[in-house]
Amino acid sequence: MTNRRTRPAPRPPEGTPPPAELARQARAVLADAVRVARWASPSPRGGESHVEPGRDGALSAAAAQRAATDLGLTPAQVRAGWDRARLAGLIELHGDRARPGWRLRAWDRDDAAVLRGWVALFDAWSIVHPAPEGITGTSVAEVVEALPQVLSLLQLSAGPVQVPALLDLLEQRVVELREERCEVPYDSQPLPAPAAPDAPLSLLLDWALEGQAAVGALTLGPGLATLTALGNWAVWVKLEQICVAAQSPAGNIEQSAEDMLRGCARLTPGPARAEYRAWLAARTVSSAVTELLEAARGEDALLRGLAFDALRVVGAPAESGVRAAADDGSLRPYALLWLAEYEGADPEDVHEILTREESTWLWVDTAAAVADHGDIQLLVRHLDAAVQSTVPALLDEVRAVGHPRTVQVLVALAAAHPDPALAKAMRRAAFQVHTGGV
């Protein structure tokens with residue numbers, strides 16, 4: 001047995017306000033969002049929600065006007081507060097009703113919940129402050145990916161930094177990102193010159209700094225940018241997450257999403273979530289979501305479930321990617337369950353949003369994961385999780401659902417099941433699926 005030295009709890013940089021003061025500042029940044037969330041939520045006595053959000057979760061013009069009148073805000077302020085409330089986890093959507101998120105319920109008494117809500121908003125700054133129209137997604141993604149280095153320079157400087165210095169750093173980082181994407185030629189032909197950006201980086205830097213200012217992470221002066229106490233603390237938190245992951249025995253920070261998920265497969269939920277957070281902290285949200293969904297589309301059913309567990313840690317910024325994934329047949333059940341949980345469905349009722357066919361497909365996919373990675377007796381117990389009330393009904397619907405692993409799952413069940421009659425029925429069903437019979 002080896003004794004591993006415990007890493008001491010990290011301390012924030014000297015001069016960082018105590019958590020209570022940071023939480024006070026975060027409450028000030030999100031004050032309008034909290035007001036809108038409380039206005040939109042049902043009353044504790046079971047009253048109806050004030051709003052019926054559209055499919056995209058946006059407020060209707062009528063609801064925004066009602067809120068503006070009730071709260072003494074402009075409709076634009078109400079819409080901004082609504083978007084921030086959703087991103088910070090203050091409000092959750094369940095069908096056509098708005099429900100208070102757990103952070104809203106804990107807002108006045110739990111400083112840690114407040115800071116986590118603000119960090120969620122900080123991570124989603126590019127959603128809070130959309131890029132100017134007419135700029136390609138590639139250019140926007142480059143700046144979003146390069147911005148952590150810009151924020152690190154601001155933190156190291158511990159004071160105002162001139163915008164031209166930040167622009168120099170941004171240009172260097174964007175060049176590095178473009179070089180990393182270039183393919184090495186097979187012959188001696190020179191690499192093509194990087195494509196010129198569709199907008200000056202100075203414009204994109206202004207947009208990024210304004211976005212950070214919009215979430216309270218920095219302040220802007222004439223030609224200068226300065227991290228706020230909240231911004232300085234948030235950058236330190238992100239850097240510390242990376243350091244912890246790099247030093248931990250299970251550190252998967254440099255791995256691909258697929259390898260990271262495999263590394264987390266045997267961890268219990270708590271340590272697995274810690275690994276997900278550390279891995280996510282080292283990447284932009286958009287690239288992490290894309291990579292996780294790509295891993296979920298692979299052949300390993302276990303990785304599908306783990307990828308969506310990691311996407312639950314991402315939270316609100318993953319919503320658009322998960323909604324798009326619902327159009328992919330292999331990901332649809334996972335995506336629908338993720339969205340239902342995100343919108344506040346009761347955990348005990350969340351599976352009711354799936355059709356019978358989707359539930360059966362998910363049952364087969366989960367069985368495939370158990371057959372590949374789990375205990376064989378767990379596979380037998382998995383029969384109890386089927387929506388069908390009898391094994392014959394399950395076999396009929398499993399054969400019809402068309403999952404690519406149906407044959408392997410049925411063969412594994414037949415080999416493991418103690419009832420000879422049921423095992424025989426499963427072997428027969430597997431043969432019929434394999435041969436295309438009925």
Residues 361-371 side chain polar contacts: donor-acceptor under 3.5 Å, at least two apart:
| from | atom 1 | to | atom 2 | distance (Å) |
| --- | --- | --- | --- | --- |
| W363 | NE1 | H382 | O | 2.8 |
| W363 | NE1 | H382 | NE2 | 3.3 |
| D365 | OD1 | R304 | NH2 | 2.9 |
| D365 | OD1 | H403 | NE2 | 2.8 |
| D365 | OD2 | R304 | NE | 2.8 |
| D365 | OD2 | Y334 | OH | 2.6 |
| T366 | OG1 | L362 | O | 2.9 |

Flag side-chain contact, heavy atom, 4.5 Å: L331 against R297: yes
Gap between atom CD of E319 and atom CG of L87 - 0.5 Å precision: 9.0 Å
Carboxylate-amine/guanidinium contact R283 E145, below 4.0 Å: no
Minimum heavy-atom distance L302-A265, with the two atoms named: CD2-CB, 3.9 Å
Gap between atom CG of L306 and atom CD of E275 - 0.5 Å precision: 12.5 Å
Under 3.5 Å: donor-acceptor pair, side chain of R84, backbone of V128: no
Residues D300, R262: salt bridge by 4.0 Å N-O rule: yes
Heavy-atom side-chain contact between D309 and L261 under 4.5 Å: no
Donor-acceptor contact below 3.5 Å, side chain W279 vs main chain Q255: yes
Heavy-atom pair of closest approach, residues G321 and L293: O-CD1, 3.6 Å
Nearest heavy atoms of W338 and A318, plus distance in Å: CZ2-CB, 4.0 Å
Residues R312, Y342; criterion side chain to side chain contact (heavy atoms under 4.5 Å, CB included); working and verdict: CA-CA 8 Å; R312 288 179 176 88; Y342 171 73; over 6 Å; no
4.5 Å side-chain heavy-atom contact, F308 and L337: no
E210, CD atom: more than 12 neighbouring heavy atoms under 6.0 Å: yes
Step-by-step side chain to side chain contact (heavy atoms under 4.5 Å, CB included) determination, L30 to W107: CA-CA 11 Å; L30 284 162; W107 195 252; 3.6 Å; yes
Working for side chain to side chain contact (heavy atoms under 4.5 Å, CB included), residues W233 and V119: CA-CA 10 Å; W233 171 79; V119 169; 3.5 Å; yes
Pairwise side-chain contact, R27 with V34, heavy-atom cut-off 4.5 Å (strictly under): no
Side-chain (E291) to main-chain (A257) donor-acceptor, under 3.5 angstrom: yes
Qualifying residue, where the test is salt bridge (Lys or Arg N to Asp or Glu O under 4.0 Å) with R38 and the options are D32, D70, D108: D108
Close side-chain approach of L59 to D83, heavy-atom, < 4.5 Å: no
Heavy-atom pair of closest approach, residues P317 and I127: CA-CD1, 4.3 Å
Under 3.5 Å: donor-acceptor pair, side chain of T290, backbone of S286: yes
Spacing of E258 atom CD and M260 atom CE [to the nearest 0.5 Å]: 11.0 Å
Side-chain touch Y276/L311, heavy atoms, less than 4.5 angstrom: no
By salt bridge (Lys or Arg N to Asp or Glu O under 4.0 Å) - contacts of E397 (at least two apart): R356
Separation of L218 CG from L227 CG (nearest 0.5 Å): 6.0 Å
Pairwise distance CG(D111) to CG(L22) - rounded to 0.5 angstrom: 9.5 Å
Side chain to side chain contact (heavy atoms under 4.5 Å, CB included) between E358 and L336, worked out: CA-CA 10 Å; E358 290 163 350; L336 292 178; 3.6 Å; yes
Atom pair CD/CD of E179 and E176 - distance to nearest 0.5 Å: 7.0 Å
V114 side chain near R103 side chain, heavy-atom distance below 4.5 Å: no
Beyond-backbone contact of M426 with V411, side-chain heavy atoms, under 4.5 angstrom: no
Backbone N/O of A326 and side chain of R332: donor-acceptor pair under 3.5 Å: yes
R178/E142 salt bridge by N-O under 4.0 Å criterion: yes
Side chain Q77, main chain T74, donor-acceptor under 3.5 Å: yes
ring-ring contact (aromatic ring centres under 6.0 Å, His included) evaluation trace for W125 with W207: CA-CA 11 Å; W125 70 268; W207 161 68; 4.9 Å; yes
Least distance between heavy atoms, H417 atom then L422 atom: CE1-CD1, 3.5 Å
Smallest separation among heavy atoms of A208 and V143, with atom names: CB-CG1, 4.1 Å
Distance-only donor-acceptor check, side chains S60 and Q65, under 3.5 Å: no
